[in-house]
Amino acid sequence: MILRDGYTPSLWQSTVQPYVSSSKPDPAATYDVIIVGGGITGISTGLMLQEAGLRCLVLEARNLCFGTTGGTTAHLNTLLDTPYSTIEKKFSATAAKQVAAASAAAIATVRRNIDQHGIQCGFKEADAYLFAQTKQQQKELADIFEATAKAGVSVSLTDAIPFPFTLVQAIKAGGQAKFHPVDYVHGIATAFEKAGGCILQECRVTALEHSPITTVTTPQGKFKAGHIVYATHIPPGINLLHLRCSPYRSYAMACLLDNEAYPQDLAYDMEDPYNYYRTQTINCVDYLIAGGKDHRTGEEVNTEHLFTELEATVRTNFNVKEVVYRWSSQYFEPADGLPYIGHLPGQPSNVFVATGFGGNGMTYSHVAARVLTDMITGKDNELSSLFSPSRIKPIAGFTEFVAHNAGVAANFAGKLFSAEKLHELVELAPGEGKIVQHEGKKMGLFKDEGGQLHAVNPTCTHMKCEVKWNAAEQSWDCPCHGARYDCDGKVITGPADHSLEQINLAALEEKARSAAS
């Protein structure tokens, strides 16, 4: 089992062993590219760059697939979350065709990597079905069908699908696929290292210096590179992208069925938020994987209830024997529906980023790998302008905004809480967390199963938003830009790169008692 950025274990993380790197970095070397982030985007980009003749180093803060790759439902699709009808309206018909072609090429790259390197990851080609269950949805489906066909995706209309849903009509799209994402990433990581690349895990990047070669500072030393790629799902620090990418959480479960009627294709309904389904075979066991109930991070009070709702939806349509795994994961939705791939705004020209994949990270990871490889190696790529992060226009006063929010000072120092008030704050159930306020000061409190209180300053260290407690994942989540922290305030996922301030309740109570005596 590998570690993941969630309290609830996913099907993928529970069925693999941690990746053991076979390479060691050379601190005296200047790498062509340092890639920050060891998920599917970072490793696939590293492999493509390494195969292009560049020398690459991947730095991962925790372990490979710790982030969203370990919590995805792993659909490889050209039938994307942002419909081609929307892409055509917001960009152009040419852009829709480019996105469709790039998505198909990405799936072909996954297939080629698997064949070339002999990766065992349960990869199977499949059809995908987007189905309407009301007349109103059918009207929307007609627009999507027309634009999808016009973009070049092989689609057809059908009144029947190989899933037990009541429907009015559906789109069938060919050329889709599914796989075990962590097995795949471990496989291409092995290929990357065999090609001369290097992977360093448990190595969080804490600083970059540009003078003129970029120096990357980590707890395991400093490393130099000609180019930097942030494949961290959302870049750290404060950047324009944080104002154009909205963090969302999605819920998933893996079930065993009583009747062995496991659908072999992919399916998506048209609810808002929509639900999605597929099957994966792991170690000769079939699992129905269902997902949905998405919401903006930090904006749902009862996250546990969403698992109950998802299970009810699944049981209504499938003969469920047992829910074996249930988990949630995070993704970032771009403002205009397309990802941001290219030069990171506000950074030197040698710093690149790939983010804003929405719910299509498995596909866009390999689109990003191709675009970034071409940009770094000096090749033309028609997608570089379409996906360019520079299409974001700075908002008025952003420079001052960054300066104001670049650091968050501790503000609990010397604050006194009465012993009586602390006793009131202790009235939490085991496993419960909440924000409490006393005399104008807020603190985040969590009581663990042993009855011990954990207290933090609830001000996110990224851009000063107030974090919210996520009961399902036992984490403090920032609703503004998606930073997440454990119960003691340690960073789980960025863009924050500093932990929440911990509050020593025992010391505060002692001060309060001394002041009262």
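Aromatic ring pairs are classed by plane angle as parallel below 30°, tilted from 30° to 60° and perpendicular above 60°; the pair Tyr364 and Phe357 is tilted. Ring geometry for Tyr325 versus Tyr287: interplanar angle of 30 to 60°, hence tilted.
Checked by atom type, the side-chain pair Ser384/Asp374 shows no donor-acceptor distance below 3.5 Å. A donor atom on one side chain and an acceptor atom on the other are not found under 3.5 Å apart for Lys90 and Thr82.
The minimum heavy-atom distance between Tyr31 and Pro25, with the atom names listed, is OH-CA, 3.4 Å. Shortest non-hydrogen contact noted between Thr218 and Cys203 is OG1-SG, 3.2 Å. What you find for Glu300 and Leu306 is that their closest heavy atoms are CG-CD1, 3.6 Å. Scanning all heavy atoms of the two residues, the minimum distance from Tyr331 to Gly359 falls at CD1-N, 4.0 Å.
With contacts defined as side-chain heavy-atom distances shorter than 4.5 Å, the pair Phe387/Val99 qualifies. With a 4.5 Å cut-off on side-chain heavy atoms, Leu3 and Gln13 do not count as touching. Between Thr303 and Tyr251 there is a side-chain heavy-atom pair separated by less than 4.5 Å. For the pair Gln347/His210, a side-chain contact is recorded, criterion being any heavy-atom separation below 4.5 Å from C-beta on. Side-chain contact between Asp486 and Phe446: absent, with no pair of heavy atoms (C-beta onward) separated by less than 4.5 Å. Using a 4.5 Å heavy-atom threshold, the side chains of Glu333 and Arg296 count as separate. Counting heavy atoms from C-beta on, the side chains of Cys255 and Val323 come closer than 4.5 Å. Residues Val324 and Leu11 have side chains not in contact (no heavy-atom distance under 4.5 Å, counting atoms from C-beta outward).
Of the possible polar contacts, none joining the Arg326 side chain to the Leu310 backbone as a donor-acceptor pair under 3.5 Å is found. No donor-acceptor pair under 3.5 Å is formed between the side chain of Lys434 and the backbone N or O of Trp469. Looking only at distances, a side-chain donor or acceptor of Asn470 sits under 3.5 Å from a matching main-chain atom of Glu473. No donor-acceptor distance shorter than 3.5 angstrom exists from the side chain of Gln474 to the backbone of Tyr7, with no hydrogens or angles considered. Checked by atom type and distance alone, the side chain of Glu193 pairs as donor or acceptor with a backbone atom of Ser22 at under 3.5 Å. At distances below 3.5 Å, not a single donor-acceptor pair connects side-chain atoms of Ser475 with backbone N or O atoms of Asp477. Checked by atom type and distance alone, the side chain of Gln220 pairs as donor or acceptor with a backbone atom of Gln201 at under 3.5 Å. Checking side-chain atoms of Asp448 against main-chain N and O of His454 turns up no donor-acceptor pair under 3.5 Å. Between the side chain of His462 and the backbone N or O of Gly237, at least one donor-acceptor pair lies under 3.5 Å. With hydrogens and angles ignored, the 3.5 Å screen pairs a side-chain donor or acceptor of Thr373 with a backbone N or O of Ala369.
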Audit row: Asp497, Val491, side chain to side chain contact (heavy atoms under 4.5 Å, CB included) steps and yes/no | CA-CA 7 Å; Asp497 50 16; Val491 175; over 6 Å; no
Just do the side chain to side chain contact (heavy atoms under 4.5 Å, CB included) check on Arg391 and Leu338 with the steps written out, would you?
-> CA-CA 11 Å; Arg391 71 182 190 268; Leu338 291 184; 3.7 Å; yes
Could you check Cys56 against Cys198 for disulfide (SG to SG under 2.5 Å), going step by step and ending with a plain yes or no?
-> CA-CA 6 Å; Cys56 301; Cys198 183; over 6 Å; no
Which is it for His481 and Leu243 under the side chain to side chain contact (heavy atoms under 4.5 Å, CB included) test, yes or no, and what are the steps along the way?
-> CA-CA 8 Å; His481 308 105; Leu243 305 182; 3.8 Å; yes
Is there a side-chain hydrogen bond (donor to acceptor under 3.5 Å, both in side chains) between Tyr19 and Glu60 once you walk through the steps?
-> CA-CA 12 Å; Tyr19 183 80; Glu60 165 55 45; over 6 Å; no
What's the verdict on side chain to side chain contact (heavy atoms under 4.5 Å, CB included) for Leu49 and Ile35, showing C-alpha distance, side-chain angles and the deciding distance?
-> CA-CA 10 Å; Leu49 286 166; Ile35 299 159; 4.2 Å; yes
Run the numbers on Thr214 and Asn350 for side-chain hydrogen bond (donor to acceptor under 3.5 Å, both in side chains), then give the verdict.
-> CA-CA 9 Å; Thr214 299; Asn350 68 328; 2.8 Å; yes
Kindly list each side-chain donor-acceptor pair under 3.5 angstrom involving residues 66-75, sequence neighbours excluded, with atom names and distances?
{"unit_1": "Thr68", "atom_1": "OG1", "unit_2": "His233", "atom_2": "NE2", "d": "3.1"}
{"unit_1": "Thr68", "atom_1": "OG1", "unit_2": "Gln330", "atom_2": "O", "d": "2.8"}
{"unit_1": "Thr69", "atom_1": "OG1", "unit_2": "Ile40", "atom_2": "N", "d": "3.0"}
{"unit_1": "Thr72", "atom_1": "OG1", "unit_2": "Ala74", "atom_2": "N", "d": "2.8"}
{"unit_1": "His75", "atom_1": "ND1", "unit_2": "Tyr268", "atom_2": "OH", "d": "2.8"}

Pairs under 3.5 angstrom only: tabulate donor-acceptor contacts from the side chains of residues 179-192 to other protein residues two or more places apart or in another chain.
{"unit_1": "His180", "atom_1": "ND1", "unit_2": "Val182", "atom_2": "N", "d": "3.4"}
{"unit_1": "His180", "atom_1": "ND1", "unit_2": "Asp183", "atom_2": "N", "d": "3.2"}
{"unit_1": "His180", "atom_1": "NE2", "unit_2": "Thr15", "atom_2": "OG1", "d": "2.9"}
{"unit_1": "Tyr184", "atom_1": "OH", "unit_2": "Asn113", "atom_2": "ND2", "d": "3.0"}
{"unit_1": "Tyr184", "atom_1": "OH", "unit_2": "His366", "atom_2": "NE2", "d": "2.8"}
{"unit_1": "Thr190", "atom_1": "OG1", "unit_2": "His186", "atom_2": "O", "d": "3.1"}

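Not counting sequence neighbours, the partners of Lys222 by the side-chain contact (heavy atoms from CB on, under 4.5 Å) test are Glu209, Thr215, Thr217. Residues satisfying the salt bridge (Lys or Arg N to Asp or Glu O under 4.0 Å) criterion with Asp294, sequence neighbours excluded, are absent altogether. In terms of the salt bridge (Lys or Arg N to Asp or Glu O under 4.0 Å) criterion, Asp488 has no residue partners (sequence neighbours excluded). Taking Pro18 as the reference, Ile2 meet the side-chain contact (heavy atoms from CB on, under 4.5 Å) condition, with sequence neighbours excluded.
In this structure, CD1 on Ile492 lies 10.0 Å from OG on Ser499, to the nearest 0.5 angstrom. Atom CZ of Phe91 sits about 13.5 Å away from atom OH of Tyr84, to the nearest 0.5 Å. Note that OH of Tyr485 and SG of Cys460 are 3.0 Å apart. Values are rounded to the nearest 0.5 Å. Distance check, rounded to the nearest 0.5 Å: OG1 of Thr308 to CD of Glu311 gives 7.0 Å. Remark: Phe352 CZ to Leu372 CG distance equals 7.5 Å, nearest 0.5 Å. Note that the OG atom of Ser10 and the CH2 atom of Trp12 stand 8.0 Å from one another [nearest 0.5 Å].
Taking 4.0 Å as the cut-off between side-chain N and carboxylate O, Arg55 and Asp32 do not count as a salt-bridged pair. Using a 4.0 Å cut-off between charged nitrogen and carboxylate oxygen, Arg111 and Asp115 do not count as a salt-bridge pair.
SG atoms of Cys480 and Cys465 are separated by less than 2.5 angstrom, consistent with a disulfide link.
Test Val58, Ile376, Val36 against Val229 for side-chain contact (heavy atoms from CB on, under 4.5 Å) and you get one pass: Ile376.
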